[in-house]
Asks: 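Provided herewith is a single structure, encoded as structure tokens, for subsequent inquiry.
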Amino acid sequence: GVDTKYQKQKIAGMIALNGLKNFRVCNDGYLGIKAGTVSGVGITIINGTGCSFTGIGESGEMMQVGGQAVVMDDIGGGYIIGRNIVRLVHRDLILNGKSTMLSEMLMKKVGAASSDDLMDELVQKVGENTIQIKHLAPMMFEAAHQGDEVAKGYLAKMGRQIAEYVAAIVRKLALVHRD
């Protein structure tokens, strides 16, 4: 995805080197608005490794926030959800935090025989690329679906942050009177 001016300039430069002159480089979220609405006005949310929000207003103005999971807390992105699973499990098992079924789920996924072995096994498998942190994300939804209060709390927080991002785009692009 094209999430920053720097990325946009780099990609535009590569395209221009190939002789193209009339083009626009933008985040792929804008395509969802153009393809999914008759008016071409609206908001998309893309939850991938990161979480990116894009909006197009009435006069064609564009806004994009999020999408930088490495430097921002893209709470709805798979990488951040996975990282928070590890954090919540660490709090449960090591710091005497709230008990969560995520601990058992992560131990099973990693193949750790005990909580003492979990972090060593996880770090090794992430280093070997046999486990990717972003691929842990579905466990958060599964645990919440099974009634886990820790997972449900995290997803509620995620929902509030997503609503804040959407509201920011609605305000900035003056979409308040649109369906």
Side-chain angles (χ1 to χ4, degrees), residues 1-88 102 109 125-145 151-179:
V2 177
D3 298 311
T4 66
K5 290 177 185 176
Y6 171 78
Q7 292 169 336
K8 185 176 182 176
Q9 290 169 345
K10 289 291 276 185
I11 293 171
M14 289 186 275
I15 293 170
L17 282 175
N18 287 303
L20 292 173
K21 295 182 190 318
N22 188 14
F23 62 89
R24 174 180 272 183
V25 175
C26 62
N27 184 280
D28 55 341
Y30 294 110
L31 298 174
I33 298 167
K34 292 298 186 180
T37 65
V38 173
S39 65
V41 174
I43 297 172
T44 59
I45 304 170
I46 297 178
N47 298 80
T49 300
C51 188
S52 181
F53 302 79
T54 53
I56 300 176
E58 296 285 348
S59 62
E61 68 275 31
M62 299 165 73
M63 180 179 179
Q64 191 248 327
V65 293
Q68 293 296 312
V70 175
V71 295
M72 288 185 60
D73 188 16
D74 286 346
I75 194 167
Y79 174 76
I80 298 299
I81 295 171
R83 192 180 77 193
N84 276 292
I85 288 170
V86 174
R87 183 183 63 80
L88 292 168
L102 290 166
K109 174 85 172 170
K125 290 186 174 158
V126 167
E128 295 169 345
N129 204 30
T130 56
I131 290 181
Q132 292 185 26
I133 296 296
K134 66 183 178 182
H135 292 152
L136 301 176
M139 289 191 311
M140 186 74 79
F141 298 93
E142 179 61 30
H145 182 71
K152 286 170 34 178
Y154 178 85
L155 293 178
K157 178 182 173 186
M158 183 176 89
R160 286 188 299 275
Q161 184 177 347
I162 287 172
E164 289 174 359
Y165 278 48
V166 169
I169 294 173
V170 165
R171 282 190 308 275
K172 177 84 173 185
L173 299 180
L175 299 173
V176 288
H177 299 292
R178 295 197 58 89
D179 290 339

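Position 1 is the first residue of the sequence; numbering continues from there.
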Asks: Compare every heavy atom of Leu155 with every heavy atom of Ala144, then report the nearest pair and how far apart it is.
Replies: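 Smallest heavy-atom distance, with atoms named: CB-CD1, 3.5 Å.
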
Asks: Tell me, yes or no, whether the heavy-atom count around Phe23 atom CZ, taken from other residues, nucleotides or ligands under 6.0 Å, exceeds 12.
Replies: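 More than 12 heavy atoms, drawn from other residues, nucleotides or ligands, come within 6.0 Å of this atom.
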
Asks: For Lys109 versus Ile131, what's the shortest heavy-atom pair and its separation?
Replies: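 Shortest heavy-atom contact: O-CD1, 4.0 Å.
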
Asks: If you measure from CD on Glu58 to CG on Leu175, what distance do you get to the nearest 0.5 Å?
Replies: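 Between Glu58 CD and Leu175 CG, I get 7.0 Å after rounding to 0.5 Å.
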
Asks: Answer yes or no: is there a donor N or O on one side and an acceptor on the other, between the side chain of Tyr165 and the main chain of Arg160, under 3.5 Å?
Replies: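 A pair under 3.5 Å: no.
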
Asks: What distance separates Met139 CE from Ile81 CD1, expressed to the nearest 0.5 Å?
Replies: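 With rounding to 0.5 Å, CE (Met139) is 11.5 Å from CD1 (Ile81).
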
Asks: For the CE atom of Met158 and the CZ atom of Phe141, what is their distance to the nearest 0.5 Å?
Replies: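 Rounded to the nearest 0.5 Å, the CE-CZ separation comes to 4.0 Å.
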
Asks: Rounded at 0.5 Å granularity, tell me how far CD1 in Ile46 sits from CG in Asp3.
Replies: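 Going from CD1 on Ile46 over to CG on Asp3, the span is 9.0 Å.
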
Asks: Dump the intermediate steps for side-chain contact (heavy atoms from CB on, under 4.5 Å) on Leu136 and Leu102, then the final yes or no.
Replies: CA-CA 10 Å; Leu136 301 176; Leu102 290 166; over 6 Å; no

Asks: Using every non-hydrogen atom in the two residues, find where Cys26 and Met62 come nearest and quote the distance to one decimal.
Replies: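 So the two residues come closest at CB-CE, 4.1 Å.
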
Asks: Give a yes or no answer on whether the side chain of Glu142 reaches the backbone of Pro138 with a donor-acceptor pair at less than 3.5 Å.
Replies: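 No, because the side chain of Glu142 does not come within donor-acceptor range (under 3.5 Å) of the backbone of Pro138.
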
Asks: Taking only residues two or more places apart in sequence, or in another chain, which ones meet Lys34 in a salt bridge (charged side-chain N to carboxylate O under 4.0 Å, His left out)?
Replies: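 Testing Lys34 for salt bridge (charged side-chain N to carboxylate O under 4.0 Å, His left out), a comparison that skips the adjacent residues, returns none.
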
Asks: What distance separates Asn84 CG from Met140 CE, expressed to the nearest 0.5 Å?
Replies: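 Between atom CG of Asn84 and atom CE of Met140 there are 6.0 Å.
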
Asks: Determine whether Ile162 and Asn47 make a side-chain contact, defined as any pair of heavy atoms from C-beta on separated by less than 4.5 Å.
Replies: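 Yes, their side chains come closer than 4.5 Å.
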
Asks: If you measure from CD1 on Ile80 to CZ on Arg87, what distance do you get to the nearest 0.5 Å?
Replies: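 Answer rounded to 0.5 Å: 10.5 Å.
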
Asks: Please report the closest heavy-atom contact between Cys51 and Gly77, naming both atoms and the distance.
Replies: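 Heavy-atom minimum between the residues: CB-N, 3.6 Å.
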
Asks: So, for Val25 and Ile11, which heavy atoms are closest and what is the spacing to 0.1 Å?
Replies: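 The answer is CG1-CG2, 4.0 Å.
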
Asks: Determine the sole option in Thr44, Thr54, Thr4 for which the side chain to side chain contact (heavy atoms under 4.5 Å, CB included) test with Asn27 is passed.
Replies: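 When Thr44, Thr54, Thr4 are each tested with Asn27, the side chain to side chain contact (heavy atoms under 4.5 Å, CB included) holds only for Thr54.
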
Asks: Crowded around Lys125 NZ? As in, over 12 foreign heavy atoms under 6.0 Å?
Replies: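 Count over threshold, so yes.
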
Asks: For Ala151 and Ala143, which heavy atoms make the closest approach, and how far apart are they?
Replies: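 Reported closest heavy-atom pair: CB-CB, 3.8 Å.
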
